[in-house]
Amino acid sequence: MSENRITQLFGIKYPLIQAGMIWCSGYKLAAAVSNAGGLGIIGSGSMYPDVLDEHLQKCKKATDKPFAVNLPMIYPDIDKHVELVLKHKVPVVFTSAGNPKTWTSKLKDAGIKVVHVTASVKFALKAQEAGVDAVVAEGFEAGGHNGIDETTTMTLIPAVRQAITIPLIAAGGIATGRGMLAAMALGADGVQIGSRFVASLESSAHENFKKTVINTPDGGTQLTLKELTPVRLIKNDFFNKVQGAYQNKASVEELKNLLGRGRAKKGMFEGDLTEGELEIGQIASVIKEILPAAEIVREIISEYHQALKELTGKQYQFE
Ligand code: NDP
Ligand code: NDP
C-alpha cells in the first residue's frame, strides 16, 4: 500500500485506525496495533488520570511508532487528561463527544495532530472550521456512544465527503478488508475499526465479553437510551430491563436511575454479562475469532488488497 493523506498525516503504514474504546483499549492494544502498522488509540474515557498516566508511560515503552489518545469531552476530569497528553507529547489526539473548538488550538499549538469524531455533516463541518487535521465520520452501525440521527455509514461517508475537504476517516460497521475497501470507495481516506479489536488478545475487555462479542448474532445489538446518551448495546438482561422501562413509559429520571453508575465497567471490564452494559457494533456478527491484534491488521490489509484486485477485474467493468 503506498501513501495517502491519512498515512502521511500520522506517519503510519496503513490507513487503519483502532478506535478508542472505554474499558477495551488500554496501552497493550494501542501499542500492538501501532506496531503492526496501523494507528492504535488509548481510550481514556474510562481511565482516572493516574491510570492514563501509567498507560502513557507503558505505551511509549511498548512502541516507538505513532499512537493516539481518545479524549471524550464529556469526561469529568478532561483538563487533567489534556495536561497528560501534553506532558507525554502524545503525537495524535482524537477528541469526541463535545465541541471541537474547545481543545483543538491548544493541542495543535503543542504540535499534536487533532482528529474529531462526528456523526453528521453539520458536526463534520464544525470540526473542519475548528481547524482539526481530519474528521472521523461514524455511522449508526457503530458500538457504544453514537449519534442521535441514525445515519448509516453508507449514507454518512459520501455526505461528509461532499461537505469537507480535509481527510476523512470512516467508522461504524467496518471490521474486514472488504468493509475497508467499501469505505474507501465511498470517499474515505482511512478507516477506524472498533469491534474487531475488542475481540483481540491484547484488548483489556473481560474474556466473558470477548466471547460474547464473537457469538453476537445478526440483529443482536440495538441503539438505546437516546434520552440520556444514545448507546448501542448487546441485547442482554440489562438491555431487556431498559426495554421494559420504555414499555412502562419510564421518565428520563427513571431511566437514569436504572442505568446507575459504572455499568460499562461491570459488563466490559468485569465480565458481568447479565447486569453490565455490553457496548459493541452491529458488525460483531461477522467476528468469529479472538486473535492477536497484529494478525487482525494483517488479515484486514490482505483482504483489502484481494478485494481490490477482484474489483478491478473485467466482470466489474461495464462499458
Ligand atoms: P495489568 O493488570 O495487566 O497489570 C498490572 C501489573 O501486573 C502491571 O505492573 C503489569 O506489568 C503486571 N503484569 C501484567 N501481566 C503480567 C504477566 N503476565 N506477568 C507478570 N506481570 C504482569 O494492567 P495493565 O498494565 O494492563 O493496566 C494498568 C492498569 O490500568 C490496571 O490497573 C488496569 O486495571 C487498568 N486498565 C484500565 C483500563 C481502562 O480502560 N480504564 C484498560 C486497561 C487497563 P507490566 O508493566 O509489565 O504490564
Ligand atoms: P458512568 O458515569 O456510568 O461511570 C463512570 C465510570 O468511569 C466508572 O466506572 C469509573 O470507574 C470510570 N471513571 C474513570 N475516570 C473517572 C473519573 N475521573 N470520574 C468518574 N468516573 C471515572 O460512565 P460510563 O461507564 O458510561 O463511561 C465512563 C466514562 O467514559 C465517562 O466519562 C463517559 O462520559 C465516557 N465515555 C463513555 C462512552 C460509552 O460508550 N459509554 C464513550 C465515550 C466516553 P470506577 O468504577 O473505577 O470508579
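Ligands are counted one by one from 1 in listed order, and the atoms in each one are counted from 1 as well. FYI, side chains are in, hydrogens and waters are out, and symmetry mates aren't considered; it's all heavy atoms of this structure. Small disclaimer: the values here were computed from a predicted structure and weren't measured. Position 1 is the first residue of the sequence, and the numbers go up from there.
Residue contact check: E279 has heavy atoms under 4.0 Å from atoms 39 (C), 40 (O), 41 (N) of ligand 2. Of all the atoms in ligand 2, the ones that sit under 4.0 Å from a non-hydrogen atom of S46 are 14 (C). Numbered from 1 in the order shown, with element, the atoms of ligand 2 that lie under 4.0 Å from a heavy atom of M47 read 14 (C), 15 (N). Distances below 4.0 Å separate heavy atoms of G262 from the following atoms of ligand 2: 1 (P), 3 (O), 4 (O), 9 (O). Each of the following atoms of ligand 2 lies closer than 4.0 Å to a heavy atom of P76: 17 (C), 19 (N), 20 (C), 32 (O). The K265 neighbourhood of ligand 2 comprises atoms 9 (O), 45 (P), 46 (O), 47 (O), with distances under 4.0 Å to a heavy atom of that residue.
For D50, the CG atom sits in a packed shell: over 12 heavy atoms of surrounding residues, nucleotides or ligands are nearer than 6.0 Å. Counting heavy-atom neighbours within 6.0 Å of M154 CE, excluding the residue itself, gives a total of 12 or less. More than 12 non-hydrogen atoms from other residues, nucleotides or ligands lie less than 6.0 angstrom from CD of Q315. The local environment of NZ in K210 is crowded, with over 12 non-hydrogen atoms from other residues, nucleotides or ligands closer than 6.0 Å.
Residue G45 places at least one N or O, backbone or side chain, under 3.5 Å from an N or O of ligand 2. Here's the thing with D77: one of its N/O atoms is less than 3.5 angstrom from an N/O atom of ligand 2. Considering backbone and side-chain N/O of R263, none are found under 3.5 Å from N/O of ligand 2.
Shown here for V242 and T224, the closest heavy-atom pair between the two residues is CG1-OG1, 3.6 Å.
The closest protein non-hydrogen atom to atom 17 (C) of ligand 2 is Y48 CE2, 3.4 Å. Counting only heavy atoms of the protein, atom 18 (N) of ligand 2 lies nearest to Y75 OH, 2.9 Å. In terms of protein heavy-atom proximity, atom 37 (C) of ligand 2 is nearest to H145 CE1, 3.5 Å. The protein heavy-atom contact nearest to atom 25 (O) of ligand 2 is A264 CB, 3.5 Å. Regarding atom 9 (O) of ligand 2, its nearest protein heavy-atom neighbour is W23 CZ2, 3.5 Å. Scanning all protein heavy atoms for the shortest distance to atom 36 (N) of ligand 2 gives I22 CG2, 3.9 Å.
Under the 6.0 Å distance and 45° angle rule, R232 counts as a cation-pi partner of F140.
When the side chains of ILVMFWY residues are joined at heavy-atom separations under 4.5 Å, either directly or via intervening members, M268 and I193 end up in a single hydrophobic cluster.
Here atom 34 (O) of ligand 2 lies nearest to I74 when heavy atoms of I74, N70, V231 are compared. Proximity annotation for atom 6 (C) of ligand 2: of H81, R261, M73, R261 comes nearest, heavy atoms only.
For the residue pair D53/H88, the side-chain donor-acceptor check at 3.5 Å is satisfied.
Under 4.0 angstrom from ligand 2, there are no non-hydrogen atoms of F269.
Proximity of I296 to Q18: side-chain heavy atoms (C-beta onward) are nowhere separated by under 4.5 Å. The side-chain heavy atoms of E277 and L259, taken from C-beta on, include a pair separated by under 4.5 Å. Using a 4.5 Å cut-off on side-chain heavy atoms (C-beta onward), H55 and V51 make contact.
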